[in-house]
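For reference, the structure is listed below as structure tokens.
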2 protein chains.
Amino acid sequence: MLAKVKSDMKTRDKIINTAIQLFNEQGTKAVSTNHIASAIGISPGNLYYHFRNKEDIIRAIFEQMDAYGLEQYQIILNKYWPGTIDAMEQTFIMIQEFNWRYRFFKRELTTLIMNDPLLEEGFHSTNRQMLDMIRYTIDCGIANGSIKVMNDTKKGSFADAIWLVALFWLNYLEVGGEEVNELTLRRGSDVLRTVLQPYLTGEILAK
Amino acid sequence: MLAKVKSDMKTRDKIINTAIQLFNEQGTKAVSTNHIASAIGISPGNLYYHFRNKEDIIRAIFEQMDAYGLEQYQIILNKYWPGTIDAMEQTFIMIQEFNWRYRFFKRELTTLIMNDPLLEEGFHSTNRQMLDMIRYTIDCGIANGSIKVMNDTKKGSFADAIWLVALFWLNYLEVGGEEVNELTLRRGSDVLRTVLQPYLTGEILAK
DNA sequence: TCCACGTTAGAGTATTTATTCTAAAGTAGA
DNA sequence: TCTACTTTAGAATAAATACTCTAACGTGGA
């Protein structure tokens, strides 16, 4: 569930939150700056006082995303040991919730970064960090004996496979016409497990 | 490589091919009907004689996609036995080439089908057929002994995993900032193999 | 040759969109 | 209260966009 657009919120934050909501509902193409302004009940002039243009709003949303993602990841780091199956599954669920919250972004990702070099660099950076994180997790798993030993090439493909599932499971559901709910998210975990399981060592063959 | 927009081509086909090219380059949002018309060197009126509106053009492209995809699939069916690893890998490569040819479509898929119920129904139908095809392939593989026996739930997850990789490998490359070329497409095959291999029976453990 | 019909050009329009500008309205401290 | 600064409203605009309309053009058959 998205945070409510509270009336005691600063105008700048109202704009960001309303933009996220409208973008999620209708896509960035269909939502104009005037739409956003009138949805909040402020004037276009006011909106342009806070943001130079629409692109600027999207960049601000991306910054919020980055901060939120980091925050959520810290929470998991404090709860689980890296390289454990629990940590991986929890991270997967966390990523799905994140992707759902900002779903317009993943839906239009390629187009968005095609038209904004700053956004492109920003996303690529985050993307690299995530892949590094997964590779690190795999190394931890190998070190603690829960993941089978594999060579570097295989490790790369394995990390790609995992990240691909995590990154696009929501899109997969959407383009397949399936509702996003607890059941279908759980199915995502199943798919992830189907990819992971064969590379886990014997003892941890959960359900 | 995309087919050239030949000068002896019918206007309707010129519109479709030019639209594909421009959509691929700039996204559907940035390309107006006037852009398409002037890129071909015809009048807007002429374009609207052949198509009711922009949506209509996109639908026509989708129909072309469907026909082209079916045609390509037939070619593979005539060359390989279903359920063999060769058939799967060739189909994967074929899908990547298909996705590249119509790359704007996959990039904007969710937004496109969100705004056009006809397109939505069309894509869902194709999507279902592809999943059925994969499930059938798995069954064939189990029957001919190249794929390990698994229960129906597992089979479902396995099919989802395979289709997810095939469907989004190109997007994965693009959002990761990687060029699409033979090398990166081959890496896609590696990722697919990473998912497949553990579920294959011993004898076919190709490199 | 002429007719009919499919095709095309190009001007025109209503609407939308992003953005700017100016003046007014808070607001907070001295 | 005065003052200076931030925030806001709302009118205005330039450009783009999707789409329409009418008149002309071309072509193939009678």
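Each chain gets a letter, A, B and so on, in the order the sequences are listed, and its residues count up from 1.
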*What's the NZ-P distance between Lys29(A) and dT16(C), to the nearest Å?*
15 Å

_Non-neighbouring partners of Phe62(A) that pass ring pair (Phe, Tyr, Trp, His ring centres under 6.0 Å), sequence neighbours left out_ = Phe105(A)

*Give a yes or no on this: more than 12 heavy atoms of other residues, nucleotides or ligands lie within 6.0 Å of atom CD of Glu182(B).*
no

Name the pairs: protein N/O against N/O of nucleotides 8-10 of chain C, kept only if under 3.5 Å.
from	atom 1	to	atom 2	distance (Å)
dT8(C)	OP1	Thr11(B)	OG1	2.8
dT8(C)	OP2	Thr11(B)	OG1	3.1
dT8(C)	OP2	Asn46(B)	OD1	3.2
dT8(C)	OP2	His50(B)	NE2	2.9
dT8(C)	O5'	Asn46(B)	ND2	3.0
dA9(C)	OP2	Ser43(B)	N	2.9
dA9(C)	OP2	Ser43(B)	OG	3.2
dA9(C)	OP2	Asn46(B)	ND2	3.1
dA9(C)	N7	Ser43(B)	OG	3.1

*Scan for salt bridge (charged side-chain N to carboxylate O under 4.0 Å, His left out) pairs involving residues 78-100 of chain B, sequence neighbours excluded, and state none if there are none.*
Glu89(B)-Arg193(B)

*Any Ser32(A) side-chain nitrogen or oxygen under 4.0 Å from OP1 or OP2 of dT16(C)*: no

*Which part of the nucleic acid, if any, lies within contact of Asn53(B), taking any heavy atom under 4.0 Å across all strands shown: a base, the sugar-phosphate backbone alone, or nothing?*
sugar-phosphate

*Assess whether atom CD of Gln74(B) is packed by more than 12 heavy atoms of other residues, nucleotides or ligands within 6.0 Å.*
yes

*Using 30° and 60° as the class limits, which term best fits the ring planes of Tyr68(B) and Tyr102(B): parallel, tilted or perpendicular?*
perpendicular

*Could you tell me from which nucleotide to which nucleotide of DNA chain D, 5' to 3', there is an atom under 4.0 Å from chain A heavy atoms?*
dT6(D) to dG10(D)

*In chain order, what residues pass the ring pair (Phe, Tyr, Trp, His ring centres under 6.0 Å) check against Tyr73(A), with sequence neighbours excluded?*
none

*Donor-acceptor contact present, side-chain Trp169(A) to main-chain Arg187(A), <3.5 Å*: no

Please list, one pair per line, the donor and acceptor atoms closer than 3.5 Å that link side chains of residues 48-58 of chain A to other protein atoms, with sequence neighbours excluded.
from	atom 1	to	atom 2	distance (Å)
Tyr48(A)	OH	Thr33(A)	OG1	3.3
Asn53(A)	OD1	Glu55(A)	N	3.3
Asn53(A)	OD1	Asp56(A)	N	2.9
Lys54(A)	NZ	Thr28(A)	O	2.7
Lys54(A)	NZ	Val31(A)	O	2.9
Asp56(A)	OD2	Arg52(A)	N	3.1

*Rounding to a whole Å, what distance do you find between Tyr48(B):OH and dG12(C):C1'?*
14 Å

